[in-house]
Amino acid sequence: MKLEEMKCFLHGADYNPDQWLDRPAILKEDIRLMKKAGVNVVSLGIFAWSTYEPNEGVFNFKWLDNIIDTLYKNGIYVILSTPSSAIPPWLSKKYPEVMLTKADRVRRIHGDRSFFCKSGIYRKKVEIIDRQLAERYARHPALIMWHISNEMYGNCHCQTCQQKFREWLKQKYRTIDNLNKQYWSAFWSHGYSDWDEIESPSASIGESTLSPLAVDYNRFYSDVSIDFLNMEINTVKEYNSDIPVTTNMFHHNCGINYQKLSDKLDVISWDSYPRWHCGTDKTTEWDNAVRAAFDFDYCRTLKQKPFYLMESVPSVPSQFEVCKLKRPKMHMLSAMQAVAFGSNSVQYFQWRKGRGGYEKFHGAVVGHDGTENTRVFNDVKEVGKKLTDISELKGTTGKCNAAIIFDWENMRVLEGEVALKRNKNFHEIIYKHYEALLKNYASVDIISVDDDFSRYKMIAAPSLYSLKPGISDKIREFIENGGHFVLTYNSGIVNENDIAFECFPPYSLNDVFGVECEETDALAADDYNEIVYAGKIYKALDFCELIHTSAEVVGEYATDFYAGKAAVTKKQYGKGAAYYLACHTDDEFLHDFYHNVISEAGVYKIDVDYVQDVMIKERNGHIFLMNFSTEQRSVHIDDKKYTLDGYDYLIL
């Protein structure tokens, strides 16, 4: 069956039968338990390379034949992984150059996972094992999707990668003189006379201050990683182009530009591990829910269609400083949150706990006891039943005409800004603007500067520090044609290589926003200013810009020597409106500000006043109400009252 033909949500887990091949009774029991839990798919072979190929060129797939055949006979489909994220010891022993070289120029020895160089012999060996798998299973009726590698990360600094980096730079800049110009390399005598003088950045033993070099190396290695994954994709597609491919994304800061990678994938998938119940983290349940929602909206936006939750934990994770059990009802609530925000699946890492290894205590559907008589198993079984009950939502999305710009390259460039405050908290700033829109129950896409702006009525761009060519014109056109655009402090300051523009920020948009930023005041963690907006007083935090403006002043600073100066402005430009926030503000201001902006812009939202800790999301006309607190909450919609107990949800 093809993936798109499946009418039900996928419900399953990473399955590692290669750890239990000497225990056939356990493998038989797994099938019984999977059927009882409502599992209809498993991800196979993610870390199975040493079992597939115990010695170079010696392959063993008979065990996998039996597993896949048995699963299929029992109505369980397969997402088959290429095993490139964890390599067998024979490979690194015979070919030590496959191991990643760290920024300090020390090559790693065998161990852990994902620490490999994505060039040279490693690519060839991965292609061989991928080809073996694809030739054998690409047309097996159980196979519905390829899972390419696993949570890809890691940058290599070996001599092969150094040379490839230089070639990448040559392709981009053409001449060494042009590179020097684009890097502003005369500062601190950094001017290069030959390409061979260029080394990748290293904070410990080498160059760490030339920010354009660091940005380019990040771009380069993102391209290397995408090319590596594309090699795997092309290999398996050769044997059956109808089987869709995905790779499980897991972190916005992993070193890969997911917004570029998404073009190579048929399906977007995500591994989600919120820190529910906090542990030593000071974030609240609501904070965790906001970050999870952001990830889900990000994934849905990449293809403008549903994504797949590839991994989540059914009970307790193992990677945090303090690992709390999921409280009763939280597993169902977190699963329904993923569905509400556009997931076509709920899947777990992993199905059965292994007895050894780094993740032997990581939560699983089946524990070391091997029984079904557990709270966790029953929670999973309930989710499986619920997914069946709401199967008509599979493949659908909700309405959305608002967006936040979260651009990978802008994030990379902003890392090089050593001014004002070292920690710019870029992710936290993005989350706060996103949260304000969530609290207004507006649906939001998470886009890059390269995405199509015309589909939206409102776009927010917090800290759009870097403007590459053409983006200013794109923003200008969006507003001129009737769009509402929110720009904030620390925007339009440098170009794509972190070279400052010769003007007051925001570069080439001064006339559109009616703003020129002359200076920026940085505030310590325990310091704040105040602003007055719509008759109320709010806190201004972290950064306060001193601006000249020809726009309408709708908010002013209340204290310090710049009291009475503009802090929030609005300017009509063409058919649209340009808003500027000259400071970072508290949550209350952002909620009230965006309430006004989305009302003026005509942004799609659920018409409900914010209820504390309650998230509301629409999917294909169905409204999900989700209470991320332990307290009872009431929501009024269309003159009807809906009561939610702690960690409760409703689908209307």
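These values consider heavy atoms only, across backbone and side chains, with no hydrogens, waters or symmetry-generated copies. Numbering starts at 1 and runs along the sequence shown.
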Exercise. Using the six-membered ring wherever Trp is involved, compare the ring planes of Phe296 and Phe307 and label them parallel, tilted or perpendicular (cut-offs 30° and 60°).
Key: parallel

Practice problem: Hey, could you give me the CG/CD1 distance between Leu261 and Ile226, rounded to the nearest 0.5 Å? | Solution: 5.0 Å

Quiz item: Does Phe116 have its ring centroid less than 6.0 Å away from the ring centroid of His110?
Solution: no

Quiz prompt | Lys394 vs Asn344 side-chain heavy atoms within contact, under 4.5 Å | solution = yes

Quiz item: With under 30° as parallel and over 60° as perpendicular, where do the rings of Phe47 and Phe349 fit, or are they tilted in between?
Solution: perpendicular

Quiz item: How long is the span from the SG atom in Cys8 to the CD atom in Glu392, to the nearest 0.5 Å?
Solution: 12.5 Å

Quiz item: Charged N to carboxylate O below 4.0 Å: is that the case for Lys264 and Asp227?
Solution: no

Quiz prompt | Any donor-acceptor pair under 3.5 Å from Trp90 side chain to Glu53 backbone | solution = yes

Quiz item: Just by modelled atom types, is the Asn627 backbone N or O under 3.5 Å from a matching donor or acceptor in the Asp613 side chain?
Solution: no

Self-check item: Candidate list Trp408, Phe406, Tyr153, test ring pair (Phe, Tyr, Trp, His ring centres under 6.0 Å), partner His252, passing option
Solution: Phe406

Quiz prompt | Test item: Val98 and Cys117 side chains (from C-beta on) under 4.5 Å apart, heavy atoms | solution = no

Exercise. State whether the number of non-hydrogen atoms from other residues, nucleotides or ligands found under 6.0 Å of Ile637 atom CD1 is greater than 12.
Key: yes

Quiz item: Counting only heavy atoms not in Lys353, do more than 12 fall under 6.0 Å of its NZ?
Solution: yes

Quiz item: Going by heavy atoms in the side chains, are Tyr308 and Thr246 under 4.5 Å from each other?
Solution: no

Self-check item: Donor-acceptor contact present, side-chain Asn288 to main-chain Arg275, <3.5 Å
Solution: yes

Self-check item: Mutual orientation of the aromatic rings belonging to Tyr434 and Phe294 [parallel < 30°, tilted 30-60°, perpendicular > 60°]
Solution: perpendicular

Quiz item: Quick one: is the NZ or CZ of Arg108 closer than 6.0 Å to the six-membered ring centre of Phe115, and within 45° of its axis?
Solution: yes

Quiz item: How long is the gap from CD on Glu618 to OH on Tyr441, to the nearest 0.5 Å?
Solution: 15.0 Å

Quiz item: Is there a side chain to side chain contact (heavy atoms under 4.5 Å, CB included) between Met411 and Asn253 once you walk through the steps?
Solution: CA-CA 9 Å; Met411 176 176 68; Asn253 219 358; 4.0 Å; yes

Quiz item: Do Ser149 and Val126 have side chains that get closer than 4.5 Å, going by heavy atoms?
Solution: no

Quiz item: In terms of the angle between their ring planes, are Phe59 and Phe61 parallel, tilted or perpendicular, with boundaries placed at 30° and 60°?
Solution: parallel

Quiz item: With side chains defined as the heavy atoms from C-beta onward, is the minimum distance between Leu650 and Leu644 less than 4.5 Å?
Solution: yes

Quiz item: Can you tell me how far CG of Asp297 sits from CG of Leu438, rounded to the nearest 0.5 angstrom?
Solution: 7.0 Å

Exercise. Test Tyr273 against every option in Glu311, Gln319, His251 by the side-chain hydrogen bond (donor to acceptor under 3.5 Å, both in side chains) rule and name the one that passes.
Key: Glu311

Quiz item: Within 45° of the six-membered ring axis of Trp276 and under 6.0 Å from that ring's centre, is NZ or CZ of Arg327 located there?
Solution: no

Exercise. Identify whether the distance between the nearest side-chain nitrogen and carboxylate oxygen of Glu127 and Arg123 falls below 4.0 Å.
Key: no

Exercise. Check whether the side chains of Tyr358 and Asp112 place a donor and an acceptor atom closer than 3.5 Å, and report yes or no.
Key: no

Quiz item: Leu133 and Pro83: which non-hydrogen atoms are nearest, and at how many Å?
Solution: CD1-CD, 3.8 Å

Quiz prompt | pair Val41-Met6: side-chain heavy atoms closer than 4.5 Å | solution = no

Exercise. Apply ring pair (Phe, Tyr, Trp, His ring centres under 6.0 Å) to Tyr77 and His140, showing your working.
Key: CA-CA 10 Å; Tyr77 291 91; His140 195 291; 10.0 Å; no

Quiz prompt | Atom pair CG/CH2 of Asp130 and Trp146 - distance to nearest 0.5 Å | solution = 7.5 Å

Quiz prompt | Short side-chain donor-acceptor distance under 3.5 Å, His331 and Tyr348 | solution = yes

Quiz prompt | Nearest heavy atoms of Ala340 and Met626, plus distance in Å | solution = CB-CE, 4.0 Å

Quiz prompt | Check: Trp351 and Leu33 side chains under 4.5 Å, non-hydrogen atoms | solution = yes

Exercise. Kindly compute the distance separating CG (Asp14) from CZ (Arg352), expressed to the nearest 0.5 Å.
Key: 15.0 Å

Practice problem: Could you tell me whether the side chain of Asn234 and the main chain of Met231 form a donor-acceptor pair under 3.5 Å? | Solution: no

Practice problem: Go through the steps for Trp63 and Tyr52 under the test ring pair (Phe, Tyr, Trp, His ring centres under 6.0 Å), then give the verdict. | Solution: CA-CA 9 Å; Trp63 66 273; Tyr52 292 151; 5.7 Å; yes

